[in-house]
Structure formats: structure tokens, C-alpha cells
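Just so you know, these numbers use all the heavy atoms, side chains as well, and skip hydrogens, waters and symmetry mates. Below, chain A is the first sequence line, B the second, and so on; all start at residue 1.
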Amino acid sequence: MTLRLYDTRTRGVRAVEPIRSGSVGVYVCGPTVQAAPHVGHLRSAVALDVLHRWLVTSGYAVTFVRNVTDVDDKIIHDAAHNDEPWWALSARITRAFDDAYDAVQVLRPTIDPRVTGHLPQIIALIETIIERGHAYASGGDVYLSVRTVDGYGALSNQSLDALQASEKSVPHGQTGEKRDPLDFALWKSAKPGEPSWPSPWGAGRPGWHIECSAMAVEYLGEAFDIHAGGLDLVFPHHENEIAQSACAGHAFARLWLHHGLVTAAGGEKMSKSLGNSITVAEALATTRPQVLRYGLGAAHYRSSMQWSADVAAEAEAAYSRIETFVRNAGDAVGDTEVDEALSKASWDEFAAALDDDLGVPQALAAIHSGVRAGNALLAARELPALAATLAVVRRMLAVLALDPVDQWPAGSGSELTRVVDALVALAIEARGHARDRKDYAQADALRDRLTAAGVVLEDTADGVRWRLS
RNA sequence: GGCCGGGUGGCCGAGUGGCUUAGGCAAGGGCCUGCAAAGCCCUGUACGCGGGUUCGAUUCCCGCCCCGGCCUCCA
């Protein structure tokens, strides 16, 4: 079984056949670091993290590139508005994105290149495109001549005529003359007070699309396996990347993967410009990070999903069920030896689900089936079978970065934790004595007081356990 | 207007030309428990509307309605 993914360009599911056997190169369009990350950005990162981790689990050497757009119109504008240097704003927001990724255990990319660190590569690429007759300089700008590109519009299935018909007038802030309204900027001449870099066409900065063409080739080569990003990037961003790279003679990405967007309560796309964002910081104020990860990752990556307090609550309930099983089964099993053969079917089901266009919903179904079967084995005290079930459940969870033991260890080390544990143990002991002499009124009174304090007791075959409600 | 995606049981969310029609949450019943908690079992019979193809369609085709994305910066 090999991984099959939906390819936007061919509009169908295709097997991933790496260009270099055994290794896979992935380029992801990362954020423009202009404002604090919202849960939509995190959903993107989590969805692509599942791709990253599944490729690694499948045995590939993965080069995962996720760029950072650290200079653009909005960054410049917002920084000026804040009375802050543009580079300080982008550095600050880059840090906020990294913190958000770390909070939900998104693997670090192999490299996360920034636009401002790749001006030589960008300028060289533009020169190549001009030399090959596909771009022209005009008034300090450089434009790509869209009509010279064979197959422009293939990714987004747009015809040139249709695009022409809906094309608006020349966008603001461009001083040069386009030969054709469809042409787009590879290089923008500097305006007073804006950051700029020297180039053969005068001081200026890169257009939005060219950076990705340049950085992808820099780190993955002229041909690579997978290019990913949000559905909102298909046109014009990815269409233009394809055009630029084709004009430079690069084969570029083999497969184009696009994930769905997160909607806010009203059903509209969550975005900075619509002002309906829930920031990652806001979400984490009310939702545990592992639950946020579970919730954002639970829907199929290509579907749109809503994020709200209700969705978060459901994720909490579903994930707690998994946590409870892993904890209870772990205690019961101890170091019982694990017979891998007993759990092969579950793993195979899980692997087949992920191989089929990253079918996380079906993969989660396999995990939940394992949990249900495991809980039954726990009740029956069938420890060898339980040990195997627990092992495979945790192995599946680990692929999704959701293992409660290794990846999300409970708050530990704090002196307070030890104190609370000792105090609760004292109360549990007293309640045990009361139960032994069948003084249930007293036992229940003790339990009620713990409940009121936010401590839930469970009487299990392995003794009384407690957790925070 | 053009291009794309979607409308599934109380909710979220998979999937399929008929077969045992995921999984989670919520609900009801049962079991377990001193009582709870946790857990297990059972129940609910869904596929936007109208046609068509078919022995048979939620699944394929046509039309319509509704929702969303892109066509301007956007994960």
C-alpha cells in the first residue's frame, strides 16, 4: 500500500511516486507574518503535519520546506501604522507563529526560509525568465507575460478569456505599464519610505509569487514531489508559481495538495480581513493544546470546518475518552509483554485510512474502535490482549501526535502537583475506611467534598483513581 | 458572470449502486457499582428538491434551490 493523495491539478487521487526513490520533498506556502496566527492557520499546520508525520512513518526521508513571507504590502503598512520597523513586526509575528506551532506539536520544518534571505535567488530567477522571453521590465517593475505561458490556468481551471473578462484595472501601487491586464508583477519598484533591495531594474522588492518559485527550487530542486497550501491560494498564487517556474524551464511540483479552510461561527472563512478570527492564543485560553490539535485535525483535510466553543467541547469529550483509556489500561497492563501480532489488523486499518488521501476520520475511527475493544478487555482483565491493544492504540495516536503519555505528559514536576496528590490520597484513604465499615454516608460526604473541589474519583479494579473534572 | 467544492440521522462528521449502511458527541434503555464515576451492550434508520438511467440510487446523469471558496491580500 502506498500513499495516494488528491491532486488539484488533475482533480483526482494519485499515488505519490517520489522523484528520488525513498525521499520526498514537500513545499508548503507558509504564512505572511503580518498579524497573530488564528486557528485557521493552525488547522493548516496540523493538517500538513499529519502529511509530514505519515511520510516519515512510511519510511521516507522527508525534506519539508515551509516558507515565511516576511515582507509584503500589509506588513509594511501595519508596521508604519504601529510606528514599528517592518522587520520588527515580521520578527515578532514569526515568533508568534512558531509558538503556536510548538504548542500543538507541529514538527519543525526541515527549513523555513524567509523571503528577505533569498533576494539573490529571486533576482536570478527573474533574470532567467526575462532571458527566456517571458517577462519584461517596465518603469522599474518587472511583469510576467501571461499570454506567453502555455497552459496558464490549468491548475485552477480558468480560461484566459474568462480571466480577462473579470480582470479589474491595474492594481494600486504599481508604477509600470502592463502590456496585458493579465500580466502580474515579479518585481515591484520601491516607493518612498519602503524597504527595497537593489536589482538590475532599480531598487525594489519581489512580487508575491516569485519568492515561492525561487525558494522551492533552492531547497528542493527544479522538480519536486508535493506542493501544498490552503485552498485560497490556488488562484492566483499557485497558478502564478507554476507559470513562473515553467517560464524558467523548471518542472516544479508534481502534485498539488490543498487543504480546506476554517470557518467562523457565521460559516464564513476565518480571516484577518473579515475580522472574524479566533486567534490561537484565544483558543488556547479555553482549550487544552492537545484538544485543539485533535479538534482541528479530526475533519478531513480537504473539507472546510467550523471552529467554535461547541466544536472545542466535543473535541474535549472525544479526546478525554482516549486519555482515560490510555491511562487506565496503562496502569492495568504494567509491563505485560506485547504481542504485536494481536493488533496487526487495527494498524493495517489505520495505515490504509491514512494512505487513502490522509483519511484521518477513518483513522480516528480505528483508534476509537481500539479504545472500545480495549475498555472491554480491561473490564474482563484480559491483560495480554489489552497490552497489545493499548500498544497499537498508542502507536496510532503517536502518528497523529496525540499520544497522551509520550507526547502530552500530564503536568509533572511541580511541587504543587505532589502536594495535591498527597492530600487527595489522604481523603481517598479516609473514604476507604468509611467504605470498609459500610459508612456510606461518610464516604459519600468525602467524595462530594472532593467533587466540589473539582476532583473526580473513580473506583477501579486497580484501586481508586482521581482526576480533575 | 466564470471556475471550484459542499448540502448525510438531535449535532459534528466518514462513506457507498444493493451487503453488517464508519466514528465521536448528545438522548433513551440495560449491565457493572453500596451509590457514583469510568466502562460495556442495545436503541434511534439519515442522506437538499424535482426528474432520469437502473431490477435497485443517498451513491451515476440532467435541472433547480441553498451554502461556501476563488476570480483583489489571505492557511
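Here, B:rG13 and B:rG28 have their C1' atoms 23 Å apart, quoted to the whole Å. One P atom belongs to B:rU53, the other to B:rU72, and the distance between them is 43 Å to the nearest Å. Separation of the P atoms belonging to B:rA38 and B:rA46 is 31 Å when rounded to the nearest angstrom. Rounded to a whole angstrom, the distance from the P atom of B:rC47 to that of B:rC42 is 24 Å. Look at the C1' atom in both B:rU54 and B:rC11: the space between them is 35 Å, to the nearest Å. Distance noted for atom C1' between B:rC19 and B:rU58: 16 Å (whole Å). The P atoms of B:rA57 and B:rG48 are separated by 15 Å, rounded to the nearest whole Å. The gap from the C1' atom of B:rC62 to that of B:rC55 amounts to 22 Å, rounded to the nearest Å.
At a threshold of 4.5 Å between non-hydrogen side-chain atoms, the residues A:Cys212 and A:Asn67 count as touching.
The phosphate of B:rC35 (OP1 or OP2) has no side-chain N or O of A:Arg431 nearer than 4.0 angstrom. Checking the phosphate oxygens (OP1, OP2) of B:rG23, a side-chain nitrogen or oxygen of A:Arg372 falls inside 4.0 Å.
For B:rA14, there is no paired nucleotide, since no Watson-Crick or G-U wobble pair has both relevant distances below 3.5 Å. Nucleotide B:rA37 forms no Watson-Crick or G-U wobble pair with any nucleotide shown, as no partner meets the under 3.5 Å limit on both distances. Of the nucleotides present, B:rC67 is the one that pairs with B:rG5 by Watson-Crick or G-U wobble criteria, both distances under 3.5 Å. If you check B:rU43 for Watson-Crick or wobble pairing at under 3.5 angstrom, you find it paired to B:rA27. In this structure B:rC60 sits in a base pair with B:rG52, meeting the Watson-Crick or G-U test at under 3.5 Å.
Within the 4.0 angstrom heavy-atom criterion, only backbone atoms of the sugar-phosphate kind lie near A:Lys272; the bases stay farther away. Within the 4.0 angstrom heavy-atom criterion, only backbone atoms of the sugar-phosphate kind lie near A:Pro31; the bases stay farther away. The residue A:Leu42 sits apart from the nucleic acid: no heavy atom pair falls under 4.0 Å. At a threshold of 4.0 angstrom between heavy atoms, the contacts of A:Ser303 are confined to the sugar-phosphate backbone, with no base atom among them. Using a 4.0 Å heavy-atom distance criterion, A:Arg467 is classed as a sugar-phosphate-only contact. Using a 4.0 Å heavy-atom distance criterion, A:Gly30 is classed as a sugar-phosphate-only contact. Using a 4.0 Å heavy-atom cutoff across all strands shown, A:Gly229 reaches sugar-phosphate atoms only and no base atom. Contacts of A:His237 with the nucleic acid, taken as non-hydrogen atoms under 4.0 Å apart, are absent. The residue A:Tyr440 sits close to a base: some heavy atom pair falls under 4.0 Å. Contacts of A:Val234 with the nucleic acid, taken as non-hydrogen atoms under 4.0 Å apart, are absent. Among the protein residues, A:Arg447 comes within range of the nucleic acid bases, having at least one heavy atom under 4.0 Å from a base atom. Using a 4.0 Å heavy-atom cutoff across all strands shown, A:Val262 reaches at least one base atom of the nucleic acid. A:Ala318 comes within 4.0 angstrom of sugar-phosphate atoms only, judged by non-hydrogen atoms across all strands, and of no base.
Side-chain atoms of A:Tyr219 and A:His118 form a donor-acceptor pair, as typed in the model, at a separation below 3.5 Å. When only modelled atom types and interatomic distance are considered, A:Tyr27 and A:Asp225 share no side-chain donor-acceptor pair under 3.5 Å.
A cation-pi contact links A:Arg395 to A:Trp347, judged by a cut-off of 6.0 Å to the six-membered ring centre and 45° from its axis. With a 6.0 Å cutoff to the six-membered ring centre and a 45° limit on the axis angle, A:Arg431 does not count as a cation-pi contact of A:Tyr440.
Look at A:Asp102 and A:Arg108 and you find a salt bridge, because one of the NZ, NE, NH1 or NH2 atoms lies within 4.0 Å of a carboxylate O, short of that distance. Looking at A:Lys188 and A:Asp141, no side-chain N of the basic residue comes within less than 4.0 Å of a carboxylate O on the acidic one, giving no salt bridge.
A straight line from CG of A:Asp444 to C1' of B:rC35 spans 6 Å, rounded to a whole angstrom. When rounded to the nearest whole Å, the span between CG of A:Leu163 and P of B:rG2 equals 14 Å. The interatomic distance linking A:His300 (NE2) with B:rG6 (C1') rounds to 13 Å, in whole Å. Distance CD (A:Glu316) to P (B:rA26): 12 Å, rounded to an integer number of Å. We find that NZ of A:Lys178 is positioned 9 Å from P of B:rU72, with the value rounded to whole Å. Here the C1' atom of nucleotide B:rC73 and the NZ atom of A:Lys269 are 9 Å apart, to the nearest Å. Here B:rG69 presents its C1' atom at 12 Å from NE2 of A:His259, a figure rounded to the nearest Å. The nearest whole Å value for the distance from the CG atom in A:Asp98 to the P atom in B:rA75 is 15 Å.
Nearest nucleotide to the A:Asp232 side chain, out of B:rC40, B:rA75, B:rA38: B:rA75. The side chain of A:Asn157 lies closest to B:rC4 when the candidates are B:rG39, B:rC4, B:rC41. In this structure, of B:rC11, B:rA14, B:rC35, it is B:rA14 that holds the atom nearest to the side chain of A:Gln362. Listed nucleotides: B:rC71, B:rG69, B:rG23. Nearest to the side chain of A:His368: B:rG23. You'll find that the side chain of A:Leu261 is closest to B:rG69, out of B:rA38, B:rG69, B:rC3. Among B:rC40, B:rC73, B:rG5, the nucleotide with an atom closest to any side-chain atom of A:Tyr6 is B:rG5. The side chain of A:His41 lies closest to B:rA75, out of B:rA75, B:rA37, B:rC3. Candidate nucleotides B:rG24, B:rG69, B:rA75 were compared by shortest atom distance to the side chain of A:His38, and B:rA75 ranks first. For A:Asn328, the side-chain atoms get nearest to B:rA38 when compared with the rest of B:rC4, B:rA38, B:rA75. Proximity note for A:Asp459 (side chain, C-beta onward) versus B:rA75, B:rG34, B:rA36: the nearest is B:rA36.
Partner of A:Gln34 under the side-chain hydrogen bond (donor to acceptor under 3.5 Å, both in side chains) criterion, chosen from A:Asp78, A:Asp70, A:Thr69, A:Asp73: A:Asp78.
Checking A:Arg435 against A:Ser304, the closest nucleotide of RNA chain B that is more toward the 5' end is the one next to A:Ser304. Residue A:Ser156 is the one, among A:Ser156 and A:Thr32, whose nearest nucleotide of RNA chain B lies closer to the 5' end (criterion: closest heavy atom).
A ring-centre distance under 6.0 Å is not found for A:Phe184 and A:Tyr143. The aromatic ring centres of A:His258 and A:His238 sit less than 6.0 Å apart.
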